[in-house]
Amino acid sequence: MQPDFLGIFKMNKIKTICVAVLSAISSTAWAGGFLTNTNQNIAFLRNPARDGVIAIDGVYSNPAGVAFLGKGLFLSFNNQSAFQTRTIRSGIAVPAFQGTPFYQPFKLNGGDENGIKEFKGEASAPIIPSVQAALNYDKWGFQASFAVVGGGGKATFNRGLGSFERQIALIPAVLYQINNTYKQQYGLDLGLGSNTPSYSVKSYIHGQQYVFGLQLGTTYKVNEHLAVYGGFRFNYVYNRYEGSITDISANINGRNENLYSFFQAKALALMEQSGHLQQQSLTYAQMAEQAKATQPEAAAQYEAAAAQCAQGAALAKKGAEQMEASKKDFADRYLDCTQRGWAITPIIGVDYKWNRLNIGARLEFTTHFNIQNDTKRDDTGLFANGVNTPGDMPGIFTVGGQYEVVPSLRVMAGYHYFFDKNARMDKDKQKLLTGNTQEYNAGVEYDINDAIMVSVGMQRTQYGLGDGSFLNDMSFVSSSCSFGFGASVKVSRKVRLNAGYFWTNYETFDKKYTQELGVGDTKIQVNNTDSFTRTNKVYGMGVDIAL
């Protein structure tokens, strides 16, 4: 018994969707919870354990501790350049097709011998600026900062993603069975078969996402040991997504055919054939009418021929209508959508200083975004103009400490806890997480002399991903270990230069799951695999000024 390819085709309609593929591919946050950047200063790159440090970069990482910098105006100007790759190795197996060339469909378009195909995206953000400022008096202090607090770059998949190519990969099987069905049931060869089945598609997906944050706050030094902070951040989201799926093609009779054009040509040819057969039917009917009186046997033959031509005309018309309806599923599709939104983040902090030990903590509340679509073109039907989508930035609690071993040597550690499960996502996707993100930081700084300081640090990031239901190739993360190092050089009494390098080693997360394709009474199960990993490198330089 052969698989019901035709039923699958009728029910599933080969949905070539380039949709939500774009919704999260540009979340290029390389440190922190989902969509959150914790690297707001070059000091973080060379040592990410900044939560208990007294320095100008504490405007973000330890705002209460900035009160202990002393009186005066403190400024920090920074730029970072981040480069990331995302690699997904995807597979699909169709148990119902076992024993046919269509069992592992990715083999028909570049998949390896195990039916696995690699999809790779590149994200880059060569310019990520940030500035921090603090003005301290005896007890009161005032702070401001501007940075890219979420996202911060662009991601491009020049070969699309497996999540939508899986459905396109079924096309050769669909065409094969449609052709067989028409030959068996109607004696009509639609010319859709191939002894060398294959398919191809051109797909391009590009996304960019920025969350700009302007933070304002105030510190109060309670005494020589204790300081507190209160403030807020105004966040503005700007996302832009572009994508296309074009030239969906398949091998037909040994040739790679654009299916939209092929089905259109077939529809026209069948309609012409239907018209020709209809005209023949009318001609035979007239001949039968004329022969009835003198040649009854010939008249009967003419009538049979007329009926046969009429039946053929109806069948050809039906085929033309099928081809005309089917070609729409292979049409080129485009997406051009910009999203915008804004939200406020309340922030509080506390710092306690005792001799050579300093401890800092801060709490950022969850940022509740509603992001609105400004859609120029949407052939997917899923990015309707004016629609609002939730896309919160998770709250974060941090605590850390710094201990001065000797005047020239300092060690530090920190802990981050992100409230990911409280941050709303589209379709409540956050509920698929089994836990919140946690990060553990450690680092050391050493003064070589009065002018040069070097530092090194690490960060361990752990996500609560469970069985991976939260992940897909459109949006994925994996736990990681990051390492940073760099130096700070004092070029004058008031000016210090900073340079740092930060890279991340991501774990590979393997996901296996069963998916049902089709709707209505006809469904088919496919077994999917996805293997997720990334690479990440960040470079940065900055300058600190004390006035």
Side-chain angles (χ1 to χ4, degrees), residues 12-28 84-88 90 92 105-106 108-111 117-124 151 153-172 174-175 198-210 238-251 256-265 325-340 371-387 389 426 472-476 517 530:
N12 201 39
K13 288 280 189 179
I14 310 299
K15 297 177 182 177
T16 53
I17 301 174
C18 66
V19 278
V21 176
L22 306 166
S23 66
I25 59 174
S26 59
S27 60
T28 56
Q84 188 179 95
T85 63
R86 305 175 186 203
T87 303
I88 311 105
S90 297
I92 175 175
F106 281 164
L108 304 179
N109 184 31
K117 187 171 182 179
E118 184 174 283
F119 299 88
K120 191 172 184 178
E122 296 181 351
S124 64
K154 305 174 182 180
T156 302
F157 285 81
N158 287 310
R159 294 176 58 197
L161 289 168
S163 56
F164 61 88
E165 187 167 327
R166 283 189 173 101
Q167 298 196 44
I168 295 175
L170 297 177
I171 289 174
V174 169
L175 298 178
S198 65
Y199 71 93
S200 64
V201 58
K202 294 179 181 177
S203 57
Y204 169 79
I205 300 167
H206 175 79
Q208 63 186 51
Q209 182 179 71
Y210 297 94
Y238 176 84
N239 303 333
R240 181 170 175 79
Y241 306 131
E242 297 175 279
S244 62
I245 297 178
T246 61
D247 195 21
I248 299 175
S249 304
N251 188 292
N256 198 50
E257 300 278 2
N258 177 289
L259 293 179
Y260 183 85
S261 300
F262 181 83
F263 274 49
Q264 185 176 43
S326 297
K327 78 173 186 181
K328 298 175 184 178
D329 298 311
F330 307 111
D332 294 345
R333 298 170 187 263
Y334 297 89
L335 174 65
D336 184 352
C337 177
T338 300
Q339 296 179 327
R340 297 178 176 87
I371 305 170
Q372 183 169 310
N373 294 341
D374 178 9
T375 304
K376 299 295 186 295
R377 181 170 181 177
D378 176 25
D379 294 335
T380 72
L382 296 178
F383 281 80
N385 188 49
V387 170
T389 303
D426 189 28
N472 55 55
D473 59 2
M474 301 175 252
S475 174
F476 73 89
L517 298 180
D530 287 309

Novice: Please check if the side chain of Asp332 supplies one atom and the backbone of Asp247 the other of a donor-acceptor pair under 3.5 Å.
Specialist: yes
Novice: Between Glu165 and Tyr199, is the side-chain contact (heavy atoms from CB on, under 4.5 Å) condition met? List the steps.
Specialist: CA-CA 10 Å; Glu165 187 167 327; Tyr199 71 93; 2.8 Å; yes
Novice: List the steps, then state whether side-chain contact (heavy atoms from CB on, under 4.5 Å) holds for Phe476 with Asp530.
Specialist: CA-CA 11 Å; Phe476 73 89; Asp530 287 309; over 6 Å; no
Novice: Grab the two heavy atoms, one from Asn239 and one from Tyr210, that are nearest each other, plus how far apart they are.
Specialist: OD1-N, 3.9 Å
Novice: Could you tell me which non-hydrogen atom of Tyr241 sits nearest to which non-hydrogen atom of Gly207, and how far apart they are?
Specialist: CD2-CA, 3.8 Å
Novice: Is a donor on one side and an acceptor on the other found under 3.5 Å between the side chain of Asp374 and the backbone of Thr338?
Specialist: no
Novice: Determine yes or no for a side-chain-to-main-chain donor-acceptor pair under 3.5 angstrom, with Lys117 supplying the side chain and Asn109 the backbone.
Specialist: yes
Novice: Once you round to the nearest 0.5 Å, how far does OG of Ser203 lie from CG of Leu161?
Specialist: 7.5 Å
Novice: Is a donor on one side and an acceptor on the other found under 3.5 Å between the side chain of Thr375 and the backbone of Phe383?
Specialist: yes
Novice: Closer than 3.5 angstrom, by distance alone: can the side chain of Asp379 be matched with the main-chain N or O of Tyr334 as a donor-acceptor pair?
Specialist: yes
Novice: To the closest 0.5 Å, what do you measure between CG (Asn385) and SG (Cys337)?
Specialist: 8.0 Å
Novice: Determine, stepwise, if the pair Phe106 / Arg166 fulfils side-chain contact (heavy atoms from CB on, under 4.5 Å).
Specialist: CA-CA 8 Å; Phe106 281 164; Arg166 283 189 173 101; 3.6 Å; yes
Novice: How close do Ala384 and Asp378 get, heavy atom to heavy atom, and via which atoms?
Specialist: N-OD2, 3.9 Å
Novice: Quick one: pull up CD1 in Ile168 and OG in Ser249 and give me the separation to the nearest 0.5 Å.
Specialist: 10.0 Å
Novice: Out of curiosity, Gln372 CD to Gln339 CD, how far, rounded to the nearest 0.5 Å?
Specialist: 10.0 Å
Novice: Rounded to the nearest 0.5 Å, how far apart are CG of Leu335 and NZ of Lys376?
Specialist: 11.5 Å
Novice: I need the Glu118 CD to Ile88 CD1 distance, nearest 0.5 Å.
Specialist: 9.0 Å
Novice: Quick check: closest heavy atoms across Lys328 and Arg333, and the distance to 0.1 Å?
Specialist: O-NH2, 3.6 Å
Novice: Do the side chains of Arg240 and Glu242 get close enough for a salt bridge, i.e. N-O under 4.0 angstrom?
Specialist: yes
